[in-house]
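Below is one structure, written out as structure tokens, with a few remarks after it.
Reminder, nothing fancy here: chain letters follow the sequence lines and each chain counts from 1.
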Number of protein chains: 2
Amino acid sequence: MRLVIARCSVDYEGRLTAHLPLATRLLMVKADGCVAVHADGGAYKPQMWMTAPNTLREEPGRWVIRNPNGEQLTITVDEVLSDVSHDIGVDPGLAKDGVEAHLQELLAADPTRILDGLVLVRREHPTDIGPVDLLCRDADGRAVVIEIERRGEVDRASRERAATSRWVAIEVKRKAGIDAVEQLSRYLERINRDPLTRPCRGMLVATSVAPQAVVLAESRGIACVTVDYDELRGLREPSLTLF
Amino acid sequence: MRLVIARCSVDYEGRLTAHLPLATRLLMVKADGCVAVHADGGAYKPQMWMTAPNTLREEPGRWVIRNPNGEQLTITVDEVLSDVSHDIGVDPGLAKDGVEAHLQELLAADPTRILDGLVLVRREHPTDIGPVDLLCRDADGRAVVIEIERRGEVDRASRERAATSRWVAIEVKRKAGIDAVEQLSRYLERINRDPLTRPCRGMLVATSVAPQAVVLAESRGIACVTVDYDELRGLREPSLTLF
DNA sequence: AGGTGTATGTCGCAT
DNA sequence: ATGCGACGTACACCT
């Protein structure tokens with residue numbers, strides 16, 4: 001990794017046009033070739049950057065970085081105050097816990113956390129516009145899980161069961177906003193066109209839901225449920241919600 | 001700005017839990033207090049970070065950074081290879097051209113670029129779920145809501161020019177996707193509840209529109225119009241589109 | 001403080 | 001390659 005402190009002005013031309021007047025900044029060149037121009041503030045995002053792959057041409061007083069998409073970063077270097085390189089080596093990588101996938105796993109393992117009597121039919125149930133997180137059936141009707149054959153015929157009995165049973169499409173989010181409601185609405189529209197899964201209602205499950213999203217959801221007949229992640233993981237006793 | 005090269009392991013606890021095993025990395029502390037942990041690759045994004053405001057407590061062999069939301073970054077420092085600080089000062093700031101606001105300005109100044117006879121009623125027309133880019137009336141006096149979408153993408157032609165010529169003229173496409181259609185649909189739903197603006201149709205204006213977005217838009221009676229940014233700015237003569 | 005929309009978003013996964 | 005959704009998205013703007 002190369003770290004240069006320099007007085008410079010910078011220009012970007014590509015998806016938009018941008019200009020940085022002359023000032024002192026940090027120029028960071030990583031081993032993969034990506035370049036970032038940092039001011040001494042403004043969070044972790046650089047003021048300008050060029051991701052790899054790119055080509056850096058270093059002339060006296062000017063760096064020109066180009067990428068295969070025709071974007072270009074031009075750094076006009078007025079004065080170099082420091083220029084050091086460090087041998088860092090590859091990174092072992094990042095481990096994460098608590099992302100949406102884990103929440104979905106936990107809820108798939110026990111859908112009654114969402115609604116009493118709920119039975120999981122399928123995770124990542126595919127529709128022609130993308131997979132819906134969970135497809136379940138509620139407590140009403142016979143507790144027969146219908147396997148949906150995407151190829152071939154479904155027998156008459158299953159078709160009738162499907163037509164009379166109530167399906168629930170569940171979308172799981174950590175923090176749900178309006179876009180989550182939109183996403184679920186799109187899926188519902190599709191699922192309700194399929195005679196096998198019609199009629200189907202939707203539920204939005206999240207660790208928190210934005211108030212406006214609740215309004216939009218309820219206006220579309222979509223129920224919102226909040227769950228506690230620690231509680232789901234068994235790190236905490238279920239809260240005794242009385243109301 | 002303080003730049004530390006160190007062998008360290010890092011842990012984040014907050015919105016999720018994450019862990020970085022022991023390795024050599026760059027620790028960047030900016031004047032505003034934000035901290036970033038960079039590997040020598042993987043684009044400009046740090047592997048972990050803590051934005052300002054926060055408090056950094058530096059103990060021997062351990063940095064603990066906390067923010068007011070209760071999130072915590074713990075850097076266990078095994079060995080410091082370099083530790084330098086630079087006085088950089090405030091930055092004069094970044095100037096951008098070609099963002100959505102500019103496209104909106106140009107179209108507001110002359111809505112006939114979108115549709116013949118179109119008259120602007122109001123920019124950023126407020127609804128109870130957010131502002132609509134442009135509210136117009138068509139030649140027949142009916143209301144039209146316009147959603148302007150920009151999403152950067154450099155087109156193929158400039159890519160080829162960039163590859164073959166020394167001088168690079170960049171043409172920028174601004175592409176609308178399904179989310180733009182959803183956004184406009186939401187606004188339309190609201191506006192068509194208001195007797196003053198009903199009936200109202202929608203138009204999606206962008207320098208380009210994704211095929212799926214066109215399909216979804218047309219299925220909802222939303223017309224898609226593409227415009228040329230350079231043409232709007234007057235940098236190019238209107239193309240004589242014959243069809 | 002909280003919600004909404006923009007971003008050169010970036011990134012990863014599936015088609 | 002492209003579409004699509006997640007992200008500790010960050011960030012500005014507005015209420």
Side-chain angles (χ1 to χ4, degrees), chain A residues 11-18 34 36-37 42-52 67 69-73 94 96-101 103-104 124 126 128-133 171-180 182-184 186-187 208-216, chain B residues 12-18 34 36 42-52 67-73 94 96-101 103-104 124 126-133 147-154 156 170 172-175 177-180 182-183 186-187 210-213:
Chain A
D11 289 279
Y12 166 75
E13 282 201 36
R15 280 169 279 187
L16 55 66
T17 300
C34 72
V37 179
Y44 70 69
K45 197 180 179 184
Q47 294 178 300
M48 292 201 194
W49 70 92
M50 184 71 74
T51 50
N67 77 1
N69 294 333
E71 296 170 84
Q72 181 172 323
L73 193 65
L94 178 65
K96 288 185 185 179
D97 173 48
V99 293
E100 188 202 289
L103 200 52
Q104 194 196 104
E124 299 287 347
D128 53 358
I129 56 165
V132 66
D133 286 340
E171 193 64 22
V172 182
K173 293 276 179 285
R174 281 183 65 81
K175 184 159 199 290
I178 283 180
D179 51 342
E182 297 290 16
Q183 192 181 339
L184 182 50
R186 277 202 303 276
Y187 290 141
S208 95
V209 185
Q212 278 89 341
V214 175
V215 172
L216 184 62
Chain B
Y12 165 77
E13 281 202 35
R15 280 169 278 186
L16 56 67
T17 302
C34 73
Y44 72 70
K45 199 179 176 184
Q47 294 178 300
M48 292 204 195
W49 69 94
M50 186 69 75
T51 49
N67 78 0
N69 296 332
E71 297 172 81
Q72 181 172 322
L73 194 65
L94 177 64
K96 289 184 185 182
D97 174 48
V99 294
E100 191 196 283
L103 200 52
Q104 193 196 105
E124 299 287 347
T127 74
D128 53 358
I129 56 166
V132 165
D133 286 339
E147 172 67 24
I148 299 165
E149 174 80 359
R150 116 165 258 296
R151 179 166 318 170
E153 177 187 310
V154 179
R156 196 173 208 295
I170 307 247
V172 178
K173 257 190 198 169
R174 291 163 174 82
K175 193 172 174 184
I178 283 181
D179 48 347
E182 297 288 16
Q183 196 178 341
R186 273 199 311 275
Y187 290 140
Q212 281 92 338

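Spacing between atom CG of B:Asp179 and atom P of C:dT6 amounts to 9 Å, rounded to whole angstrom units. Atom CG of B:Leu103 and atom C1' of C:dA7 are 15 Å apart (whole Å). Protein atom OH of A:Tyr12 is 12 Å distant from nucleotide atom P of C:dA7, rounded to whole Å. Following rounding to the nearest Å, A:Leu94 (CG) and D:dC7 (C1') show an atom-to-atom distance of 12 Å. Rounded to whole Å, the distance from CE on B:Met48 to C1' on D:dT9 is 15 Å. In this structure, the CD atom of B:Glu182 is 14 Å from the P atom of C:dT6, given to the nearest Å. One atom, CG of A:Leu184, and another, C1' of D:dA6, lie 16 Å apart when rounded to the nearest Å. The CG atom of A:Leu16 sits 15 Å away from the P atom of C:dT6 (whole-angstrom rounding).
The backbone N or O of A:Asn69 lies less than 3.5 Å from a partner atom in the side chain of A:Asn67, making a donor-acceptor pair.
Distance CZ/A:Arg15 to CD/A:Glu71: 4.0 Å, rounded to 0.5 Å.
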Give each protein N/O atom lying under 3.5 Å from an N/O atom of nucleotides 11-15 of chain D, with the pair distance.
residue : atom : partner : partner atom : Å
D:dC11  : OP1  : A:Gly42 : O            : 3.3

Between the protein and nucleotides 2-5 of chain C, which nitrogen or oxygen pairs come in under 3.5 angstrom?
residue : atom : partner  : partner atom : Å
C:dG3   : O3'  : A:Gln212 : OE1          : 2.8
C:dG3   : O3'  : A:Gln212 : NE2          : 2.9
C:dG5   : OP1  : B:Tyr187 : OH           : 2.5
C:dG5   : OP2  : B:Arg186 : NH2          : 3.3

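By the side-chain contact (heavy atoms from CB on, under 4.5 Å) test, A:Ala176 is found to be paired with A:Lys173, A:Ala180, A:Leu204, A:Ala206, A:Val209, residues two or more places apart in sequence or in another chain being considered. Taking A:Ala210 as the reference, A:Ala213 meet the side-chain contact (heavy atoms from CB on, under 4.5 Å) condition, with sequence neighbours excluded. Contacts of B:Gln72 classified as side chain to side chain donor-acceptor pair (under 3.5 Å), with partners at least two apart in sequence or in another chain: B:Arg66, B:Thr74. By the salt bridge (charged side-chain N to carboxylate O under 4.0 Å, His left out) test, A:Asp179 is found to be paired with no residue, residues two or more places apart in sequence or in another chain being considered. Qualifying salt bridge (charged side-chain N to carboxylate O under 4.0 Å, His left out) partners for A:Glu182, counting only residues two or more places apart in sequence or in other chains: A:Arg220, B:Arg186. Considering only residues two or more places apart in sequence or on other chains, B:Glu124 meets the side-chain contact (heavy atoms from CB on, under 4.5 Å) condition with B:Gln104, B:Pro131, B:Asp133. For A:Tyr187, there are no side chain to side chain donor-acceptor pair (under 3.5 Å) partners, not counting sequence neighbours.
Listed pair B:Trp49 / D:dA10 meets the phosphate criterion, a side-chain N or O lying under 4.0 Å from OP1 or OP2.
A:Met50 comes within contact range of no nucleotide atom at all, as no heavy-atom separation falls under 4.0 Å. At a threshold of 4.0 angstrom between heavy atoms, the contacts of A:Gln47 include nucleobase atoms, whether or not backbone atoms are also involved.
Rounded to the nearest Å, the gap between the C1' atom of C:dT6 and that of D:dC7 is 15 Å. For the P atoms, the distance linking C:dT8 with D:dG5 amounts to 22 Å, nearest Å.
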